[in-house]
Amino acid sequence: MSPSQFSSAGEANISTTQLENGFIDSASLVNSEKAVHELLQQTPVHGTDDHLIEFSEALRTVAKALRRAAEGKASAQAEAAEWKRKYEIEKSRNQLLKQKGNSSGGHNGDSHCGCIESLGNGYTTNGHINRCCGKEGICCEEVLLDGEADPRNHNKMMRKASFKLSWMCKGEKSDQHKHDIVSFEKGDITTASRSSKQISLKWETPPQTVLVLTKPNSTTVRVLCADMVRWLREQKNLNIYVEQRVKEELLSNSCFFKFVETWGDDREFLDLHTKVDLVVTLGGDGTVLWAASMFKGPVPPIVPFSLGSLGFMTPFYSERYQECLDSVMKGPISITLRHRLQCRVIRDKAKHEYEAEEPILVLNEVTIDRGISSYLTNLECYCDSSFVTRVQGDGLILSTTSGSTAYSLAAGGSMVHPQVPGILFTPICPHSLSFRPLILPEHVTIRIQVPFNSRSPAWASFDGKDRKQLAAGDALVCSMAAWPVPTACLEDSTGDFLRSIQDGLHWNQRKTQSSDGLRDL
Ligand SMILES: NC(=O)c1ccc[n+]([C@@H]2O[C@H](COP(=O)([O-])OP(=O)(O)OC[C@H]3O[C@@H](n4cnc5c(N)ncnc54)[C@H](O)[C@@H]3O)[C@@H](O)[C@H]2O)c1
Ligand SMILES: Nc1ncnc2c1ncn2[C@@H]1O[C@H](COP(=O)(O)OP(=O)(O)OP(=O)(O)O)[C@@H](O)[C@H]1O
């Protein structure tokens, strides 16, 4: 076979000028790669013909180069789609602001400019620009821009409660976080000593609207929910949102609950984060995962009450809910910012970046496994642009540090404090003696590719739900999401984490050795 046979092989026909100039779309790259693979299978590399062996090696190199180019292109597509999505959100938010400004006449031109150009700017509840909250601590104010008329009082604007996040320092009041970087002075590299990195949430205006989410099919939860909603209304005069199912349950109980609000469809729910100040969950860890999955963007602070069996992420006791909610609403409270992974499936057949599927955010993990197939999974893993490894086994778990105590732990991964920024890379039953789990830094993008020669498709599942098939040529791209899940702590991040591994998993529990057998020294 001669090189001219390669260039005549239909879709494999890519000129070097095209390669040099980068004028190839990912579809033609992938098609070319397929064609190269087909060609390789047809190539009769028998016996002693050195030329044929050399040529097939050259084809393999071309296939590799094409794969790399396709990967670069696909990750650029994923990034472009993400920017496009952000742009759309900004655009619709700005339109909304414009409409509000026009209809109320409440904002002058300056304040419009201020909020559109700098979404981090703080607005007070009366709608005036106050100060930039991004300067001290962690910025949280943009949600305030979407106020809505309170149905109970038409003159009053219903706005989200304003709060501020800051690092809590033990003892001295220094801005420790500002100095917490490696310094290089007079040739000596040092790191500043660290104080507590606990994040504290302090309400600037009191919370007004609470979303109560409950685990279904539990009488205990249903009874507690009715009790809590009544208390929140009568004692705290709060607006309450619940799911449609829960509203029906409450109304079948008593018509007192007529004030409880709900939402119609997903579109209406998309707006809810602009109204809800606090989310209360009544259930187990699954209910916290459920709550997090409902918010595709920013998540309001969650107060998780334990009504499940394990309750790793649910530190609050339901028996003392009034006391707990009282102190949460008063503040300040310690919170754990639980990072989420943003996962995007890129199909081999997608021709353009806007065909990339909607990203899915996970709080625990995304799992890529063999599904019902009895073949080993064959997954190529890349970290940024470096090839990491090929997974041959039952699959792979990409986990957040919050998820490190869930499926990843069962597969042999380390337990990691939820506030540690990182992505766990944990194989499931790898057919190799040396495949230890990894923890990668939080800023990397991981790409899991099902190769064209995979014997069967793989399956991705997100926090144990929404299974999606990944066919040969499809890829899953994962990176840290911009929107963490803030969960309220009973004590603080570390105290709650240690208590849950001790109480929930009986971590390193062993009878203490008695001193009886000690020999005299
Ligand atoms: N072999 C395993 O351990 C295994 C297998 C499948 C799924 N899971 C986990 O189940 C999760 C889904 O939870 P679910 O409640 O919807 O399903 P589920 O009702 O099947 O519960 C799974 C168990 O995992 C626990 N769990 C969930 N998140 C946890 C966390 N971050 N830390 C410690 N334990 C946690 C739950 O409390 C529950 O006991 C998945 O995200 C996955 O991590 C674990
Ligand atoms: N509001 C909800 N709507 C629909 N499904 C929900 C909701 N809340 C929780 N779930 C689902 O119900 C299941 C059980 O919930 P959860 O894990 O909270 O309870 P549990 O199993 O009793 O607790 P644990 O996991 O600690 O044993 C999970 O699969 C979860 O995804």
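Start at 1 with the first residue, then count along the sequence. Indexing begins at 1, ligand by ligand and atom by atom, following the structure's order.
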Can you check whether a protein heavy atom sits less than 4.0 angstrom from [atom]?
{"atom": "atom 37 (O) of ligand 1", "value": "yes"}
{"atom": "atom 21 (O) of ligand 1", "value": "no"}
{"atom": "atom 10 (O) of ligand 1", "value": "no"}
{"atom": "atom 13 (C) of ligand 2", "value": "no"}
{"atom": "atom 40 (C) of ligand 1", "value": "yes"}
{"atom": "atom 31 (N) of ligand 1", "value": "yes"}
{"atom": "atom 26 (O) of ligand 2", "value": "yes"}
{"atom": "atom 18 (P) of ligand 1", "value": "no"}

Look at the rings of [X] and [Y] and say which category their plane angle falls in: under 30° parallel, 30 to 60° tilted, over 60° perpendicular.
{"X": "F305", "Y": "F316", "result": "tilted"}
{"X": "F259", "Y": "F257", "result": "tilted"}
{"X": "F163", "Y": "W203", "result": "perpendicular"}
{"X": "W231", "Y": "Y321", "result": "perpendicular"}

Can you tell me the protein heavy atom closest to [atom] and the distance?
{"atom": "atom 6 (C) of ligand 2", "answer": "P216 CD, 3.5 Å"}
{"atom": "atom 8 (N) of ligand 1", "answer": "Y407 CB, 4.0 Å"}
{"atom": "atom 3 (O) of ligand 1", "answer": "A410 CB, 3.3 Å"}
{"atom": "atom 22 (O) of ligand 2", "answer": "K215 NZ, 2.6 Å"}
{"atom": "atom 29 (C) of ligand 1", "answer": "A406 CB, 3.5 Å"}
{"atom": "atom 28 (N) of ligand 1", "answer": "N364 ND2, 2.9 Å"}
{"atom": "atom 9 (C) of ligand 2", "answer": "T287 OG1, 3.4 Å"}
{"atom": "atom 13 (O) of ligand 1", "answer": "L289 CD1, 3.6 Å"}
{"atom": "atom 15 (O) of ligand 1", "answer": "G286 CA, 3.2 Å"}
{"atom": "atom 29 (O) of ligand 2", "answer": "K465 NZ, 3.1 Å"}
{"atom": "atom 17 (O) of ligand 2", "answer": "G286 N, 3.0 Å"}
{"atom": "atom 42 (C) of ligand 1", "answer": "E365 OE1, 3.3 Å"}
{"atom": "atom 26 (N) of ligand 1", "answer": "D285 OD2, 3.6 Å"}

Using a strict cut-off of 4.0 Å, indicate which atoms of ligand 1 neighbour a heavy atom of [X].
{"X": "K465", "value": "16 (O)"}
{"X": "T405", "value": "30 (C), 31 (N), 32 (N), 33 (C), 34 (N)"}
{"X": "D463", "value": "12 (C), 40 (C), 41 (O)"}
{"X": "F312", "value": "32 (N), 33 (C), 34 (N)"}

Do [X] and [Y] have a side chain donor and acceptor closer than 3.5 Å?
{"X": "S408", "Y": "T426", "value": "yes"}
{"X": "Q392", "Y": "R390", "value": "no"}
{"X": "S493", "Y": "T336", "value": "yes"}

Test: E358 and K296 ion pair at under 4.0 Å =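 Answer for the salt bridge query: no.
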Ignoring hydrogens and geometry, is there a side-chain-to-backbone donor-acceptor pair from [X] to [Y] under 3.5 Å?
{"X": "D463", "Y": "L289", "result": "no"}
{"X": "K275", "Y": "K160", "result": "no"}
{"X": "R340", "Y": "W483", "result": "yes"}
{"X": "S479", "Y": "T445", "result": "no"}
{"X": "D384", "Y": "S386", "result": "no"}
{"X": "E243", "Y": "T262", "result": "no"}
{"X": "T401", "Y": "P418", "result": "yes"}
{"X": "D369", "Y": "A458", "result": "no"}
{"X": "R344", "Y": "L476", "result": "no"}
{"X": "D285", "Y": "M313", "result": "yes"}

inquiry  = With the threshold set at under 4.0 angstrom, would you say S309 reaches ligand 1 through any of its heavy atoms?
reply    =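 Checking ligand 1 against S309, which is what was asked, there is no heavy-atom contact under 4.0 Å.
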Contact with ligand 2 for T214, non-hydrogen, under 4.0 angstrom =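 Yes; T214 lies near enough to ligand 2 that a heavy-atom distance drops under 4.0 Å.
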Atoms of ligand 2 close to [X] [distance to a heavy atom under 4.0 angstrom, numbered from 1]:
{"X": "E243", "answer": "1 (N), 2 (C), 3 (N)"}
{"X": "G311", "answer": "26 (O)"}
{"X": "G308", "answer": "22 (O), 23 (O), 26 (O)"}
{"X": "G283", "answer": "18 (O)"}
{"X": "R245", "answer": "1 (N), 2 (C), 3 (N)"}

Location of contacts on L213 toward ligand 2, heavy atoms closer than 4.0 Å =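 Neither; no heavy atom under 4.0 Å.
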message = Using the rule side-chain contact (heavy atoms from CB on, under 4.5 Å), only one of L490, V303, L201 pairs with I333; which is it?
response =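 The side-chain contact (heavy atoms from CB on, under 4.5 Å) with I333 is passed solely by L201 among L490, V303, L201.
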request  = Measure S402 to ligand 1 on non-hydrogen atoms and call it side chain, backbone, both or neither using the 4.0 Å cut-off.
outcome  =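 Only the backbone of S402 comes within reach of ligand 1.
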Taking every non-hydrogen atom, the tightest pair across V485 and A292 =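 In this case the closest contact between V485 and A292 is CG2-CB, 3.8 Å.
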task = Examine G284 against ligand 2 and note whether any of their N/O atoms are separated by less than 3.5 Å.
result =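 N/O-N/O distance below 3.5 Å exists for this pair.
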